Amino acid sequence: MPQYANDPSRKSWIDTPADSDFPIQNIPFGVFLTRDDVITIGTRIGDKAIDLGALHQLGYFEGIPLTDDIFLQDTLNDFISDGKKTWRLVRNRIAEIFDADNAKLRDHEEHRSIVLFDLDEIEMQLPVQIGDYTDFYSSKEHATNVGSMFRDPNNALLPNWLHIPVGYHGRSSTIIPSGIPIHRPVGQTLPAGQDEPVFGPSKLVDFELEMAFITTDANQLGEPIPVDEAEDYIFGLVLFNDWSARDIQKWEYVPLGPFLAKNFASSISPWIVTLDALEPYRTKSPEQDPEPLPYLRYTGKKSFDIKLEVDLKAPESEPQTIAKSNFKYMYWNMSQQLAHHTVNGCKVNSGDMMGSGTISGPTPDSYGSMLELTWRGEKPIKLNDGTERKFINDGDTVIMRGYCDNGKQRIGFGEVRTTLMPPFSPKKRK
Ligand code: CA
């Protein structure tokens with residue numbers, strides 16, 4: 001099906017600044033609470049949020065096979081279950097409705113007042129009910145950096161790493177949308193040089209710059225997804241900050257991998273940018289040597305050129321960019337991750353979320369975590385307010401942004417912004 005929605009020459013009657021992440025070619029999907037306290041599925045053009053539930057009720061999706069309540073839900077799971085053909089029909093129709101030359105809604109003041117919201121009138125929610133969350137570890141640079149620090153610089157990558165998209169099953173209950181503050185976690189750590197663990201607040205709270213993709217119902221139990229079909233089951237992507245407590249992680253992660261160091265919070269950007277919208281930004285993945293096993297060999301370009309930035313905002317200060325990376329650095333691409341995830345017959349459902357793993361680039365200013373940027377605290381980052389950071393302090397805000405720009409067209413993800421608060425203090429009993 002042609003993707004009219006991606007037509008780069010299309011302009012919208014909604015005013016959209018040139019540097020907007022959300023031109024009419026983006027058409028992401030999200031869930032928001034409106035000024036009337038109604039939860040609806042929506043999209044965004046420029047700085048306007050669009051109530052798709054209301055648009056559907058007003059008949060603007062006539063001719064597309066959609067159930068009456070498909071957008072009047074508090075998650076996108078059912079819409080995602082409808083599959084790629086329906087996503088494309090809906091994106092194409094939205095592009096038509098908001099095309100500068102289409103007067104139908106543009107000149108209908110009453111309908112416009114029902115459908116359009118300013119961003120300060122809405123509150124973005126988690127866009128999907130995430131049944132299962134898997135986090136990969138697919139950046140060679142990140143795995144090499146962490147292996148060098150935690151183990152041995154001469155054998156930084158474990159023997160399996162170049163053969164398997166390594167991952168672990170995470171916890172979906174603590175995935176939260178941008179804007180929700182988190183508490184510094186407490187837990188067990190083993191102080192350097194000691195034999196016995198201690199209990200208390202983590203001293204090494206870190207972010208991980210990641211992206212995550214969201215799947216539709218992909219397979220039957222027992223059925224693997226071939227690597228070259230995997231993209232049919234990927235709905236879209238979000239920015240993903242996989243908060244991590246490095247000291248807790250170091251003590252607990254052997255032999256089964258991360259546990260409480262990772263499951264206290266992971267923050268996502270609220271608008272899911274579809275894989276379809278990212279089509280113009282395909283690019284080659286890094287060369288893989290040794291060649292992977294046959295089920296992981298793919299054809300074509302399966303990576304995407306998505307520029308990524310991390311800002312750190314100290315309390316009372318302006319945000320400051322501390323890292324710039326790119327999604328295209330991932331050694332294992334999403335198709336390989338999904339093929340590997342299901343090769344044993346593991347079932348993948350609508351709304352499942354797969355994190356990429358920390359996306360570090362080749363240079364020290366492109367590392368995707370404080371652990372790497374400060375090299376375990378040995379090279380603190382100097383902030384504009386004169387203070388230094390080895391890891392994240394209470395009151396600091398971490399802001400991640402992502403966008404594609406090929407010189408003709410920009411498509412972005414907006415941001416994921418999270419403030420770290422002091423440890424949770426239980427209310428005293430009277
Ligand atoms: Ca991670």
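Here the structure is a predicted model, which means the values were calculated and not measured. Just so you know, residue 1 is the first one in the sequence shown, and it goes up from there. In listed order, ligands and their atoms are each counted from 1.
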- Task: Would you sort out whether D311 and K313 count as a salt bridge (charged side-chain N to carboxylate O under 4.0 Å, His left out), showing the intermediate values?
- Result: CA-CA 6 Å; D311 281 9; K313 183 189 175 306; over 6 Å; no
- Message: Once side-chain hydrogen bond (donor to acceptor under 3.5 Å, both in side chains) is applied, do any residues pair with D365, and if so which ones, sequence neighbours excluded?
- Response: T363
- Task: Let me see the working for W332 and Q337 under side-chain hydrogen bond (donor to acceptor under 3.5 Å, both in side chains), right down to the final yes or no.
- Result: CA-CA 7 Å; W332 298 104; Q337 290 170 339; over 6 Å; no
- Note on the structure: Excluding waters, which are neither shown nor counted, protein N/O/S atoms under 3.0 Å from the Ca ion (ligand 1) come to 4
- Check whether NZ of the Lys or CZ of the Arg R410 lies under 6.0 Å from the centre of the six-membered ring of Y403 and within 45 degrees of that ring's axis. yes
- Message: Which label fits W161 and Y331: parallel for a plane angle under 30°, tilted from 30 to 60°, or perpendicular past 60°?
- Response: tilted
- Are any of the side-chain nitrogens in K408 or D405 under 4.0 Å away from the carboxylate oxygens of its partner?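 No, K408 and D405 are not salt-bridged.
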